[in-house]
Amino acid sequence: MTPSSLRQPAWHPTALLLILATWLATIGNFPLWTALWKLPETHGLKAIATLGILVLVILAATLLLLSLLVWPRWRKPAGLLLLAVTASSSYFMASYGIVIDPTMVTNVVQTDAGEALDLLSWPLLVTLALGVVLPGIWWWRQPVRPVGKVRLMAHQLGAALLGLLVAVALLWTSFQDVASLMRNHKQLRYMINPFNSVYAVGRVAVGRTAQAQKPLQPLGTDAQAAATATDPESAPLIVLVVGETARAANFGLGGYARDTTPRLKELQGQGDMVYFSNVSSCGTNTQASVPCMFSHLGKQGFEDSNDRYENLLDVLQRAGLAVLWMENQSGCKGVCERVPNVDTRTLGIAGLCPDGQCLDQVMLHQLPQELAKLPAERRAKGTVVVMHQMGSHGPAYYKRSPESDKHFLPECTSHALQECPVEHIQNAYDNSLRYTDHFLADTVRWLQAQKRPTALLYVSDHGESLGEKGLYLHGMPYRMAPAEQTHVPMLAWASKPLQRDMHWNMACLQARAHQPWSHDNLFHTLLDLARVHTSAQNAGLDMLAGCTRAA
């Protein structure tokens with residue numbers, strides 16, 4: 001036999017696309033097929049037939065997509081990219097119960113190195129090896145038959161048309177059953193690889209491009225500070241702590257079986273603090289919630305608007321107050337771009353920053369010297385500090401509390417949460433909340449020691465799933481998200497001098513503690529607390545309205 005006769009026969013380009021489409025539609029959609037098979041309505045002969053039709057529909061649609069988008073110049077790199085995207089999204093969907101939508105893609109884009117490392121695990125590496133490396137090597141090494149440009153275009157457009165016709169025909173024969181499945185289980189539409197990722201990336205790219213071209217709209221141009229202090233040491237100081245991934249279900253102040261907030265309970269007993277037990281978040285992830293909670297538009301208006309507006313911090317600064325953002329998380333998501341800000345994650349303070357990630361106490365450690373840097377003339381009108389916590393960010397919950405402060409053991413120390421017993425996950429998460437309790441109580445104690453009127457607001461950006469219904473972490477589309485991801489803790493504390501100056505009626509606030517509130521209220525409430533008057537404020541959304549009489 002001659003060497004030439006031993007050569008591997010070259011593939012026709014369209015045949016190679018069909019093989020890739022088959023891999024993506026079948027093995028690449030393993031989480032989807034698993035989720036479908038677990039549904040009660042997908043059993044029985046008719047249901048199995050519907051499931052088979054859905055497999056063929058996705059195969060035909062994938063062939064349609066590849067035939068239109070994948071051409072010779074970028075065929076092999078595009079194949080590798082699709083394998084990587086499909087394998088990684090399949091892993092996270094199967095492991096954490098998440099789905100791939102635009103907000104999840106935004107989270108991925110904004111993930112820093114620390115967060116990325118927290119997600120690394122042996123199951124993920126094995127998945128990438130089996131789903132990317134091995135098929136990728138095969139894909140890259142396959143010889144491709146040369147085909148003329150005109151003929152190749154005809155073949156691929158023909159394959160695309162065939163895929164379209166087959167998909168439409170199959171859907172037509174089983175439309176009612178498929179439509180019913182997608183209508184009753186909306187999360188399924190976000191699980192179809194690779195269309196979920198292609199759609200989400202496209203939405204994010206188009207949305208960002210469109211919004212970036214919009215001019216920044218001014219807000220609160222008539223804002224004025226009502227404070228009467230004449231020096232920085234007697235003007236009000238307000239600290240807003242933006243919590244991270246704290247869910248109300250595990251917050252001790254809300255009636256959780258475990259005492260995850262012992263020190264805050266002591267403060268509550270002193271009569272200077274109110275815990276709001278019925279608060280909803282604006283989103284299920286930081287990227288959605290943080291810009292929304294600082295917006296004057298509210299959740300619905302913020303999501304519906306394509307315009308760029310200044311936010312709460314801009315209004316406070318325009319009124320002449322000193323404003324400071326302290327960051328111990330993955331960034332302020334654009335909220336702090338126009339105000340003084342400091343990233344405490346880079347400080348590396350001994351005892352507070354193990355393994356390159358700083359505990360939240362580092363912000364309180366740094367606060368006095370950062371306050372001193374703010375202009376004295378602004379501090380004389382009042383100061384608002386925002387502390388953005390690392391909080392209970394997962395999946396490495398065990399890293400969010402120091403070794404000396406582990407109250408619930410044993411902890412889950414794996415980044416692959418599905419490998420841990422639920423009780424161990426709960427222990428690590430609850431320890432992180434105990435540390436938030438410690439951080440908030442220490443911040444209040446520091447504020448109590450100040451001579452000026454002081455106050456603290458705390459609210460988490462979103463909640464977290466800890467294995468309920470097979471879900472972990474957060475980021476589910478809001479309309480499908482469980483309460484664990486949207487019900488968040490919120491509290492307000494005020495010093496005696498501030499209560500006196502603002503005629504703070506604690507009994508009035510306590511009476512509102514169980515009313516339904518949301519992130520929509522933060523913008524208007526903080527303006528009242530900071531004694532800033534502006535037409536941008538809506539008294540109907542002010543949680544303090546009628547319970548204070550600010551000067």
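- Around the CZ atom of F30, the shell of radius 6.0 Å holds no more than 12 heavy atoms that belong to other residues, nucleotides or ligands.
- Judged by distance alone, the side chains of H415 and Y398 do bring a donor and an acceptor atom under 3.5 Å apart.
- Using a cutoff of 4.0 Å between basic side-chain nitrogens and carboxylate oxygens, E411 and K399 are not scored as salt-bridged.
- A salt bridge does not link R338 to E310: none of the charged nitrogens lies less than 4.0 Å from a carboxylate oxygen.
- Under the 4.0 Å criterion applied to side-chain N and carboxylate O atoms, R434 and D437 are not assigned as salt-bridge partners.
- Side chain to side chain, D430 and Y256 meet the donor-acceptor criterion of an N or O pair below 3.5 Å.
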* Could you walk me through whether Y91 and S121 pass side chain to side chain donor-acceptor pair (under 3.5 Å), step by step? => CA-CA 11 Å; Y91 169 80; S121 64; 2.9 Å; yes
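- Between D542 and N521, every side-chain heavy-atom pair lies at or beyond the 4.5 Å cut-off.
- Between the side chains of R258 and N427, a donor-acceptor pair is found at a separation under 3.5 Å.
- By the 6.0 Å and 45° rule, K299 stacks over the aromatic ring of Y478.
- Considering D343, T286, D360 in turn, T286 is the only one that fulfils the side chain to side chain contact (heavy atoms under 4.5 Å, CB included) rule with H388.
- For the residue pair Q361 and D442, a side-chain donor N or O sits within less than 3.5 Å of a side-chain acceptor on the partner.
- No donor-acceptor contact under 3.5 angstrom links the side chains of H524 and Q537, judged on distance only.
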